[in-house]
Amino acid sequence: MSARAPLSLFALTTLLAGTAAAQVKPLPVKYVGPPTVPAITAGDLMTRLYIYADDSLMGRRVGTEYNLKATAYIEREVRRMGLKPAGDDGGYFQNIGVIARGFDTTASRLSVDGTDYKAGVDYVATTSGAPHAIASAPVVVWGSVLDTMGTPTPDQYNGKWVVMRAFQPPAGFDQAAQQVFIKTAGYQRFLAMAQSQAVLGRITILTTPELNANLVRNAVTPSGAMLSSKDERSVNLTVTSKLGEAILGADFATAAPGTMGKSIALDARFADEARGGRNVIAVLPGSDPKLKGEYVVIGAHNDHVGFNNRPVDHDSLKVWLKHARPQGADGGPKTLTAEDWTTINGEIAELRKLNPPRPDSIYNGADDDGSGSVSVLEMAEAFAKGSVKPKRSILFIWQTGEESGMWGSGYFMDHPTVPRDSIIADINIDMVGRGAPSDVTGQQKEGGLLSGADRYVQIVGSRRLSTELGDLVEAANKEGKFNFKLDYAMDANGHPQNIYCRSDHWSYGKWGVPAVFFTTGGHADYHQVTDEPQYIRYDHMALLDQMIFTTALKVANLDHRVVVDGPKPNPAPATNCQQ
């Protein structure tokens, strides 16, 4: 049953502080709030987020009916506010062309020197582009995936198939080792090759003479939405060791990098199913006739990662994550001591006095990025219904597919619904609902964990393209007397978590649009089924949204475009982002 409570009770629960929340009343699992108001308030944010992160939306994964339901809710809200549509064909939606693709084993053909091999038995294929036949083409050996030694040069692999063996991580290859590894010259060469459309295809040779049944099942089942592309992208083949030997004319283990194999002919076919995937875009026209043709973008991503079929007990997992995995999916679990387990079991026992076990398999994404999505809605209503009218136009966008690789924001900047050069700045809001002193919000570049604070926000990218944009953020915080602790630690060049490249602002930044990313950082519930609306700091989020609103207003009311004084990246699709 839904419950209502006075706003004074809307403090973040300390349910897992080891005291069974005896001193702070927890927020309800379900809640129905009153209608929203023009002001940015904690109550409004709570009303919206309990709708947007409800179990009924099943994690809002792009390419599912549940993401369409989520975007329909946003569309109804912006229509009610009276904002102008800025999507396709005079509407609020921008469809980005999402499909689910399955490998067609009956229609696909592959041959080596005239000998045919059977799809689904000897090989499977994937591609992110338009299916196309490849006539007889040469093969060159790369080595192992991510091999850092002796890799071929572009002139050796352009126009050829590249053969490699699956990467086998050594013992102790944890996240920290991985972040060091991806900076090596060898990895960068691999990345350049993998992203190059001059490569006809990549062939991964398995160590087994047969395909794993799960590998085949995953290949042929239309699952996991993907972007439909009209261009002919390279094809990825996974082949048995038997087929690998036929391609190379020898055992892979004896083939040195650069060795030429036999020619391959491939006609890979796929069964595609149209899946919904859409941005929601609305605009508040500017009040100044001379400046209304320029836009400040305020955006968030509307999707999350869906659900699974392996329910776990919610409370038990939340306690375990707190002690064993304080960065959630951004860090591996640490080894627990007997003392740790005693503490964990004790906290679970205390929770059992309050709640029965609750099986949970839905990644609600209340913070990621329900918090950003409802924050943009809240600001949209404040601009639309309030008395403050910015000089420039404000473009509100809820981008889809961020979790799948920034699909929606990338599509929007490749196919903007307003002139691209009229966008003067992007404000990205992703995960702004946490940042408590007890949250592990990230890590220092050189090691050591970061923690939240009473008034905490991470600022990423604000001065990478425009010193002035960074100054405006700080001025908004100071002049509005918000007194937030602005944490720039995650914005350090070469930071192993690479946050600047992991959310939608990068899609704008790579086109030379100054962008700032506001986030309260990570926590133990990041990409876990425990990311639910009862754990959000609504008062804190409302105050932060007011600061972001003030920042947007400052940018929109400048008598000049935000000055770009930083180096502009290359917007080409294959551009690798490393902060």
Which residues satisfy the salt bridge (Lys or Arg N to Asp or Glu O under 4.0 Å) test with Glu402, sequence neighbours excluded? none
side-chain contact (heavy atoms from CB on, under 4.5 Å) filter on Gln528, not counting sequence neighbours, yields Leu321, Ala329, Thr530
Looking at Arg60 and Gly365, would you say the former's side chain and the latter's main chain have a donor-acceptor pair under 3.5 Å? yes
Anything under 3.5 Å between a donor and an acceptor, one on a side chain of residues 110-125, the other on a protein residue two or more places apart or in another chain? List them.
residue, atom, partner, partner atom, Å
Asp122, OD2, Lys118, N, 2.8
Tyr123, OH, Leu110, N, 3.4

Side chains of Asp368 and His527: any donor to acceptor distance under 3.5 Å? yes
List the residues meeting salt bridge (Lys or Arg N to Asp or Glu O under 4.0 Å) with Asp487, not counting sequence neighbours, and say none if there are none. none
Could you tell me whether His495 and Tyr500 have their ring centroids closer than 6.0 angstrom? no
Considering only distance and modelled atom types, tabulate donor-acceptor pairs under 3.5 Å from the side chains of residues 255-270, sequence neighbours left out.
residue, atom, partner, partner atom, Å
Thr259, OG1, Ala256, N, 3.3
Thr259, OG1, Ala256, O, 2.6
Asp267, OD1, Arg269, NE, 3.0
Asp267, OD2, Arg269, NE, 3.4
Asp267, OD2, Arg269, NH2, 3.1

side-chain hydrogen bond (donor to acceptor under 3.5 Å, both in side chains) partners for Asp430, two or more places apart: His301, Ser503
If we ignore angles and hydrogens, is there a donor and acceptor under 3.5 Å between the side chains of His523 and Asp367? yes
Salt bridge (Lys or Arg N to Asp or Glu O under 4.0 Å) partners for Asp313, two or more places apart: Arg352
What class does the angle between the rings of Tyr363 and His304 fall in, given that below 30° is parallel, 30 to 60° is tilted and above 60° is perpendicular? tilted
So, using salt bridge (Lys or Arg N to Asp or Glu O under 4.0 Å) as the criterion, who are the partners of Asp525 when residues are at least two apart? Lys318, Arg434
Under 3.5 Å, is there a donor-acceptor pair linking the side chains of Gln497 and Asp330? yes
Going by the rule side-chain hydrogen bond (donor to acceptor under 3.5 Å, both in side chains), which residues pair with Arg325 if we only count those two or more places apart in sequence or in a different chain? none
Flag for Asn236-Arg202: side-chain donor and acceptor within less than 3.5 Å: yes
Compute whether any side-chain donor of one residue and acceptor of the other, for Ser108 and Asp104, lie under 3.5 angstrom apart. no
side-chain contact (heavy atoms from CB on, under 4.5 Å) partners of Pro419, counting only residues at least two apart: Asp421, Ser422
List for me each residue that meets side-chain contact (heavy atoms from CB on, under 4.5 Å) alongside Thr467, sequence neighbours excluded, and say none if there are none. Arg463, Asp471, Asp565
Applying side-chain contact (heavy atoms from CB on, under 4.5 Å) to Thr343 and not counting sequence neighbours gives His323, Glu347
